[in-house]
Amino acid sequence: MICSIKQSTLSFTGTDFLTRKCSVPKHQFWSLPTPNTQSFDHAISTTRPLHLSAIDGFNTVSRARSHVKECKAYEADRSQPLDLNVELPDQQVQSEAAQKVKIGLYFATWWALNVVFNIYNKKVLNAFPYPWLTSTLSLAAGSLIMLVSWATRIAKAPKTDLDFWKTLFPVAVAHTIGHVAATVSMSKVAVSFTHIIKSAEPAFSVLVSSFLLGETFPVPVYLSLLPIIGGCALAAVTELNFNMIGFMGAMISNLAFVFRNIFSKRGMKGKSVSGMNYYACLSMLSLLILTPFAIAVEGPQMWAAGWQNAVSQIGPQFVWWVAAQSVFYHLYNQVSYMSLDQISPLTFSVGNTMKRVSVIVSSIIIFRTPVQPVNALGAAIAVLGTFIYSQACFEGNPFKTVPGISSSFGNADGLSHGNIMDGTNGDIAVDQYHRYLEDIDLMDDIGVNSYRFSISWARILPNLESVNEAGVNHYNKLINALLHKGIQPFVTLTHYDIPQELEDRYGAWHEEDFRYYADVCFKSFGDRVKYWVTINEPNVVAIRGYRSGIYPPSHCSGSFGDCSSGDSERDPFTAAHNMILSHAAAVDIYRTKYQKEQGGSIGIVMNAVWFEPFSNTSEDKLAVERAQSFYNNWFLDPIIFGTYPAEMQKILGSILPVFLKNDLEKLKKGLDFIGINHYTSFYIKDCIFSVCEPGPGVTKTEGLILRTPQKDGVFIGESTAVDWLYVTLKEWKKL
């Protein structure tokens with residue numbers, strides 16, 4: 001049931017709300033709660049959900065109480081059509097067709113740029129065999145192009161700091177080695193041979209990830225390496241103009257680019273940078289690294305002599321070749337780095353395979369490279385292996401992370417591997433990505449008129465900055481299909497799942513990244529979505545993700561759990577602080593940019609456990625207040641009042657983060673509603689004035705209370721298969 005209260009300007013204390021004698025069923029949405037217990041004479045229908053009517057005069061500053069209120073609620077009526085412009089199935093088909101055309105044009109551009117670059121690169125190297133200078137010039141051209149773009153504001157310059165460049169450095173080193181090694185290879189052997197050997201990069205990626213990083217992959221992934229390795233080996237031993245330097249250059253390039261991707265995924269401690277700007281920064285730093293080595297290995301004297309010889313043999317058009325090689329190298333790589341912002345990793349992986357095919361075939365034709373049938377067979381087997389690899393990696397999930405691609409689907413999926421009793425994982429789960437139309441038909445059949453679902457942050461922003469249009473299109477189709485059936489979408493921005501990239505860069509939550517993500521969602525879906533939830537159960541995220549470590553990102557320490565990293569005494573409060581600021585940032589941007597035009601509302605959903613005093617002593621009753629302060633008011637007090645509960649401040653002291661003046665301004669934006677997920681209840685016993693045995697809640701950072709489901713050997717409610725869930729119907733029956 002979803003219910004709400006419309007009220008005049010009202011201020012209240014968080015403790016009043018959360019210690020009232022009431023119980024709320026799962027998935028309720030309440031507006032601002034009243035400070036005193038209210039009983040209702042009328043019966044509330046539970047057959048149809050109640051939607052939020054309106055909320056006026058929400059004040060987050062004053063604590064003065066006001067008991068004047070007007071209560072209204074209405075039941076959603078399925079007979080009333082939603083007054084929205086909904087994209088119908090025919091329009092969806094047209095939209096999907098347009099998207100396919102867009103991707104087709106994108107691939108054509110990508111492949112064409114790559115082919116042109118490789119042709120001019122080989123022409124230059126044939127006439128001017130100085131790969132170190134050639135590599136330097138291509139990086140210099142790209143850097144100059146982006147500097148001019150930033151200066152003329154054609155492209156927005158990224159915001160970076162020293163930490164960004166420090167973490168980019170190993171990426172740039174690996175990128176430089178891979179770039180030079182590939183160019184050296186191409187200067188010694190045919191273009192086609194270099195690219196055949198470079199088809200083995202997935203094999204390097206899997207082997208490095210397995211042996212050095214300890215990652216595991218499905219058996220089909222390992223099997224796909226057989227045709228890759230076998231095909232490359234067959235092509236190498238049957239190559240008519242085999243050259244060991246050329247062969248080793250391609251192999252070193254593969255290994256270097258694998259480490260580049262690993263460093264890129266694990267680093268990036270500074271500001272998020274988009275694909276285009278990220279590659280520009282990478283080029284500039286690589287140029288600084290490469291230039292002194294290029295001078296030392298080849299040098300100006302060799303370059304001058306080689307340049308004169310090339311111009312005398314080729315003519316002035318050689319200068320055009322060099323310029324074209326450098327410019328097309330930059331353009332090709334820009335499109336390549338931007339690709340993951342526009343398409344899913346699976347589409348990218350398949351496209352990358354076809355790109356290699358286009359380069360191999362076109363170079364053989366243009367340069368009239370002699371090829372033996374057995375050599376061509378080896379190349380075909382290797383390329384086929386890369387295609388099989390891409391299919392095996394994703395196992396039907398087009399957004400799953402694969403080695404060598406720095407985007408990710410979120411660490412909740414990663415944590416599910418090896419941590420589920422029957423050996424399954426969260427890669428596909430209930431497969432709503434493919435079955436959402438069936439699911440919506442089932443909802444319609446049983447009379448559902450509202451549906452709460454969560455958007456995957458990693459699906460929208462794989463690298464935190466650039467939008468994955470395939471992910472946006474999926475949720476557009478889901479929302480439109482719901483509205484077409486008269487089902488109102490209630491959308492949660494994050495529900496336990498955060499991008500792995502976020503964890504790798506910052507150690508998890510980051511306010512500005514969440515603000516940008518929320519902005520993208522409001523802009524993409526807000527014309528149809530009228531109910532937004534910023535974060536689902538942030539109290540559970542902080543406790544189970546950063547204290548016990550049983551939820552992602554699995555941080556904990558000491559007696560709280562067995563994790564590889566974390567500080568259970570401090571991390572939960574740091575994470576909570578950042579989640580509160582993230583909520584405030586999302587609310588701020590919704591209120592300032594979208595709410596007036598879109599007419600929606602925004603709130604947060606808390607996990608609300610009912611706490612019952614273990615005894616009638618004043619100590620246990622105060623312990624209940626303290627338990628609520630350390631569980632729900634921990635988040636609600638800052639959002640509503642701009643400060644943490646007094647009990648937390650007194651007990652935790654300096655462990656508790658402090659809100660800055662700028663933070664308080666954002667927190668004043670408050671919220672429109674508070675959603676309640678109520679599952680169970682516990683008894684609470686005081687551990688400040690009483691002696692407690694070790695157990696849940698007894699530590700200082702948990703509030704110095706003992707949380708227990710039983711008293712005098714009797715459980716608080718009916719037990720279930722879930723060890724923390726006890727069904728307590730007595731409070732609900734009183735309503």
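The figures that follow rest on heavy atoms only: side chains count, while hydrogens, waters and symmetry mates do not. All of these numbers come straight from a predicted model, not from anything done at the bench. Index from 1, following the sequence.
- Lys188 is linked by a salt bridge (Lys or Arg N to Asp or Glu O under 4.0 Å) to nothing, counting only residues two or more places apart in sequence or in another chain.
- At a cut-off of 3.5 Å, with distance as the only test, a side-chain donor of Ser138 or His179 sits close to an acceptor on the other residue.
- When side chains are defined from C-beta on, Gln325 does not count as touching Lys123, because their heavy atoms never get closer than 4.5 Å.
- A donor atom on one side chain and an acceptor atom on the other are found under 3.5 Å apart for Asp519 and Tyr594.
- Counting heavy-atom neighbours within 6.0 Å of Phe367 CZ, excluding the residue itself, gives a total above 12.
- Between Pro499 and Tyr517 there is no side-chain heavy-atom pair separated by less than 4.5 Å.
- In this structure the side chain of Ile460 never reaches within 4.5 angstrom of the side chain of Ser456, judged on heavy atoms.
- Side-chain atoms of Ser185 and Thr194 include a donor-acceptor pair closer than 3.5 Å.
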Verdict with supporting geometry, Phe328 and Asn121, side-chain contact (heavy atoms from CB on, under 4.5 Å): CA-CA 9 Å; Phe328 280 108; Asn121 194 39; over 6 Å; no
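- A donor-acceptor contact closer than 3.5 angstrom is absent between the side chains of Ser135 and Tyr329.
- Aromatic ring centroids of Phe263 and His175 lie 6.0 Å or more apart.
- In this structure the side chain of Ile295 reaches within 4.5 angstrom of the side chain of Trp303, judged on heavy atoms.
- Between Phe128 and Trp321, the distance separating the two ring centers is not shorter than 6.0 angstrom.
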Residues Tyr130, Trp307; criterion side chain to side chain donor-acceptor pair (under 3.5 Å); working and verdict: CA-CA 10 Å; Tyr130 299 100; Trp307 186 272; over 6 Å; no
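- Using cut-offs of 30° and 60° on the angle between ring planes, the pair Phe242 and Phe193 is perpendicular.
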Atom pairs and distances, side-chain donor-acceptor, residues 282-290, under 3.5 Å, sequence neighbours left out:
unit_1, atom_1, unit_2, atom_2, d
Ser283, OG, Tyr279, O, 3.1
Ser286, OG, Ala172, O, 3.4
Ser286, OG, Thr176, OG1, 3.4
Ser286, OG, Leu282, O, 2.8

Asn277/Trp150 under side chain to side chain donor-acceptor pair (under 3.5 Å): CA gap, chis, key distance, verdict: CA-CA 10 Å; Asn277 283 337; Trp150 293 340; 3.0 Å; yes
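- Lys122 and Ser363 share no side-chain donor-acceptor pair at under 3.5 Å.
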Trace of the side-chain contact (heavy atoms from CB on, under 4.5 Å) decision for Val148 with Leu144: CA-CA 6 Å; Val148 172; Leu144 180 61; 4.2 Å; yes
